[in-house]
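Just dropping this structure here.
Just so you know, these numbers come straight off a predicted model, no measurement behind them. As a basis for the values below, the full set of heavy atoms in this structure was taken, side chains included, without hydrogen atoms, waters or symmetry mates.
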Amino acid sequence: MTAAASSHQPVACYACGGSGVTEQTRHSVVTNSDGTQEAVTETYTGPCSRCHGSGRIQ
């Protein structure tokens, strides 16, 4: 195999470490019943945005 052929092999995603998932944060503003606004932060685990959940990059 040549060096050029081996450079196209998928490698573990550096953003998620190959797991396919990352901790993500969503920020939003909600309006309460009294009309005041409150910032809301939600943290969740979801598919890696770099490798789209495959755990590998080209």
Side-chain angles (χ1 to χ4, degrees):
M1 184 172 357
T2 66
S6 65
S7 67
H8 288 85
Q9 295 297 318
V11 295
C13 176
Y14 56 84
C16 67
S19 69
V21 296
T22 56
E23 186 175 281
Q24 301 177 24
T25 305
R26 180 181 303 140
H27 301 276
S28 60
V29 177
V30 296
T31 303
N32 296 324
S33 59
D34 63 359
T36 60
Q37 293 184 331
E38 180 180 350
V40 177
T41 303
E42 177 186 4
T43 304
Y44 61 98
T45 301
C48 175
S49 60
R50 186 68 165 150
C51 68
H52 306 288
S54 71
R56 302 260 180 222
I57 55 173
Q58 292 291 338

Check: Got a donor-acceptor contact below 3.5 angstrom from the N32 side chain to the D34 backbone?
Finding: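 It does not hold such a pair.
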Next item on the list: Nearest 0.5 Å please: distance from the OG1 atom of T43 over to the NE2 atom of H27.
Entry: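 Separation between the atoms: 7.5 Å.
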For residues 12-22, tabulate all N or O donor-acceptor pairs below 3.5 Å that involve a side-chain atom, not counting sequence neighbours.
from, atom 1, to, atom 2, distance (Å)
Y14, OH, R50, NE, 2.6
Y14, OH, R50, NH2, 2.7
S19, OG, C16, O, 3.1
S19, OG, V21, N, 3.3
S19, OG, V21, O, 3.1
T22, OG1, Q24, NE2, 3.4

Check: Quick one: salt bridge (Lys or Arg N to Asp or Glu O under 4.0 Å) partners of E42, sequence neighbours excluded?
Finding: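 Here the qualifying residues are R26.
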Checklist line | Transitive ILVMFWY cluster of V29, excluding itself - 4.5 Å side-chain cut-off | finding: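 When side chains under 4.5 Å apart are linked, V29 ends up in no cluster with other residues.
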Next item on the list: Would you sort out whether T41 and T25 count as a side-chain contact (heavy atoms from CB on, under 4.5 Å), showing the intermediate values?
Entry: CA-CA 7 Å; T41 303; T25 305; 3.4 Å; yes
